[in-house]
Amino acid sequence: MTNKNILIIGNGAIGTLWAHYLTQAGHHIHLISRRQSSQTIDHTLLQHDGELALNQQFRILEHQSTSTLNALANIDLVLVTTKSYQIKPALAPYIKQLQHCPIILLHNGMGAIDTLDLASRQPILLATTSHGALRQDAHTTLHTGQGKTMIGIAQGMSEHDAKMITAVLENALPPVTYCTDINQALWQKLAINCAINALTAINNCRNGELAQQQYQATINGVLSEISQLTQRLNIALNYQQLRDSVTEVIALTATNFSSMQQDIKYKRRSEIEYINGYVVRQAKALNLKTPFNEQLYLAIKVLESQFS
Ligand code: KPL
């Protein structure tokens with residue numbers, strides 16, 4: 001496999017996790033950062049047991065600097081790993097120069113692609129991952145949980161090219177599965193986030209606490225609304241599949257705090273608009289009622305409105 005020039009936009013935990021493994025696989029990584037100036041950094045990846053520390057070097061590019069704009073000419077592939085609401089502003093300065101370059105959007109929730117003003121021929125892939133990662137400092141990322149990644153075409157590219165990109169990712173951090181219908185995988189992950197994220201943020205608890213009886217009516221209500229919606233959208237996912245995957249994720253990530261619990265705790269904007277908010281908007285367009293999702297959505301909006 002030839003080595004590629006890969007641009008990663010978003011230097012949070014998932015961005016640095018991929019930067020690390022793609023560098024290890026022999027690719028040249030350029031990671032755009034809003035907070036750091038352009039430099040080559042030494043990066044350490046700690047495995048979940050804390051025993052194995054792997055070191056790599058990759059290039060940080062300062063957001064919107066001249067050297068960053070110059071570097072775009074040689075980029076073969078872009079991976080966007082920002083929060084869903086940051087995708088539009090993060091891509092906007094670069095999108096014109098990247099119009100022939102495949103861009104992978106890897107984020108929690110759904111609907112960020114609809115916010116972009118894309119040329120119809122712009123190659124875009126959508127991906128979802130269940131890897132757990134935590135940024136410890138500017139040079140260290142903790143890989144908290146081994147997961148899997150699913151990827152598929154959103155627009156503007158052939159299946160052949162999409163499978164080549166899948167192979168690049170698979171070679172760096174397996175397993176990565178190419179999906180002919182990525183929407184099914186995205187809806188399944190969306191349902192997990194709808195059931196877990198807002199509830200853990202509102203109750204300020206770890207994912208595992210959602211196994212308690214008091215939360216079951218809300219989780220079942222959220223998933224039942226989503227399964228009615230997926231049925232109307234012809235997405236092949238039924239209520240039981242969603243319920244089983246939520247139960248599994250609650251058990252597998254029992255000691256973790258969800259990303260939304262962390263966002264609300266540290267008074268940061270959450271991804272609620274792209275999680276329960278996305279479900280509420282999609283359902284409204286089809287005249288479906290989603291009171292459970294709406295209640296969680298509004299509760300998070302109230303918490304966010306209290307941040308200064
Ligand atoms: O994706 C997650 C998140 O926290 O955003 C889950 C799956 C809920 C794991 O915490």
Side-chain angles (χ1 to χ4, degrees), residues 10 12-18 48 79-87 104-112 126-136 141-151 173 175-177 182 184-212 215-216 218-223 226 237 241-279 292-293 296-297 299-300 303-304:
I14 292 293
T16 51
L17 181 79
W18 278 101
H48 21 104
L79 175 62
V80 185
T81 59
T82 63
K83 293 274 189 186
S84 39
Y85 56 82
Q86 289 166 335
I87 288 179
I104 307 170
L105 305 181
L106 173 62
H107 62 90
N108 259 351
M110 285 180 78
L126 297 176
T128 177
T129 191
S130 57
H131 282 282
L134 266 180
R135 197 80 206 277
Q136 290 204 317
T141 305
L142 181 63
H143 192 180
T144 51
Q146 184 64 35
K148 56 185 181 180
T149 304
M150 322 272 257
I151 187 165
L173 179 53
V176 180
T177 308
I182 187 64
Q184 187 181 348
L186 294 176
W187 272 97
Q188 176 141 9
K189 179 74 191 317
L190 180 73
I192 292 168
N193 289 129
C194 284
I196 297 177
N197 290 29
L199 261 184
T200 50
I202 294 160
N203 295 289
N204 192 20
C205 66
R206 290 177 197 266
N207 294 354
E209 286 184 43
L210 299 189
Q212 291 170 15
Y215 298 115
Q216 301 321 301
T218 305
I219 293 175
N220 293 344
V222 163
L223 296 179
I226 294 174
L237 280 174
Q241 283 169 292
L242 298 180
R243 182 64 249 202
D244 291 345
S245 49
V246 168
T247 305
E248 189 185 345
V249 172
I250 288 174
L252 286 174
T253 64
T255 57
N256 295 4
F257 288 110
S258 77
S259 53
M260 199 175 291
Q261 185 277 344
Q262 294 285 289
D263 288 338
I264 297 298
K265 181 174 175 189
Y266 294 108
K267 301 193 180 340
R268 299 187 297 241
R269 180 177 172 184
S270 80
E271 295 180 287
I272 195 73
E273 289 292 349
Y274 298 85
I275 298 181
N276 305 81
Y278 182 77
V279 167
F292 283 97
N293 280 283
L296 293 177
Y297 169 76
I300 296 293
L303 290 172
E304 283 182 345

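Both ligands and their constituent atoms are indexed starting at 1 by order of listing. Computed from a prediction, not measured in an experiment: that's the story for all the values here. We use all heavy atoms of the structure for the numbers below, so side chains are in, but hydrogens, waters and symmetry mates are not.
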(message) Starting from atom 7 (C) of ligand 1, what is the nearest protein heavy atom, named by residue and atom, and what distance separates them?
(response) V249 CG1, 3.8 Å

(message) Which residue and atom name correspond to the protein heavy atom nearest atom 8 (C) of ligand 1, and how close is it?
(response) N197 OD1, 3.2 Å

(message) For L237, is there any backbone N or O sitting under 3.5 Å from a side-chain donor or acceptor partner on Q188?
(response) no

(request) Nearest heavy atom to atom 6 (C) of ligand 1 wins, so pick from T129, T128, T144, N193. (result) N193

(request) Check each atom of ligand 1 against the heavy atoms of I196 and keep those under 4.0 Å away; list them by number with element. (result) 8 (C)

(request) Provide, to 0.1 Å, the distance between atom 5 (O) of ligand 1 and the closest protein heavy atom, together with that atom's residue and name. (result) S259 OG, 2.5 Å

(request) Taking side-chain contact (heavy atoms from CB on, under 4.5 Å) as the test, write out the residues that go with T149, two or more places apart. (result) W18, T129, H131, V176

(message) Test your reading of the model: is there a side-chain donor-acceptor pair from T144 to the backbone of G132, 3.5 Å cut-off?
(response) yes

(request) Out of I250, N207, L210, N256, indicate the one that has the non-hydrogen atom closest to atom 10 (O) of ligand 1. (result) N207

(request) Sequence neighbours left out, what passes side-chain contact (heavy atoms from CB on, under 4.5 Å) with E248? Give chain and number order. (result) L252

(message) Suppose I only count heavy atoms of S258 and a 4.0 Å limit; which atoms of ligand 1 are within that range?
(response) 4 (O), 10 (O)

(request) Measure M260 to ligand 1 on non-hydrogen atoms and call it side chain, backbone, both or neither using the 4.0 Å cut-off. (result) neither

(message) Between R135 and G12 (side chain of the first, backbone of the second, donor and acceptor by atom type, cut-off under 3.5 Å), is there such a pair?
(response) no

(message) If you measure every N or O of N108 against every N or O of ligand 1, does any of those distances drop under 3.5 Å?
(response) yes

(message) For a 4.5 angstrom cut-off between non-hydrogen side-chain atoms, does V249 reach I196?
(response) yes

(message) Between N197 and E271, is there a side-chain heavy-atom distance shorter than 4.5 Å?
(response) no

(request) Please state whether K189 comes within less than 4.0 angstrom of ligand 1, counting heavy atoms only. (result) yes

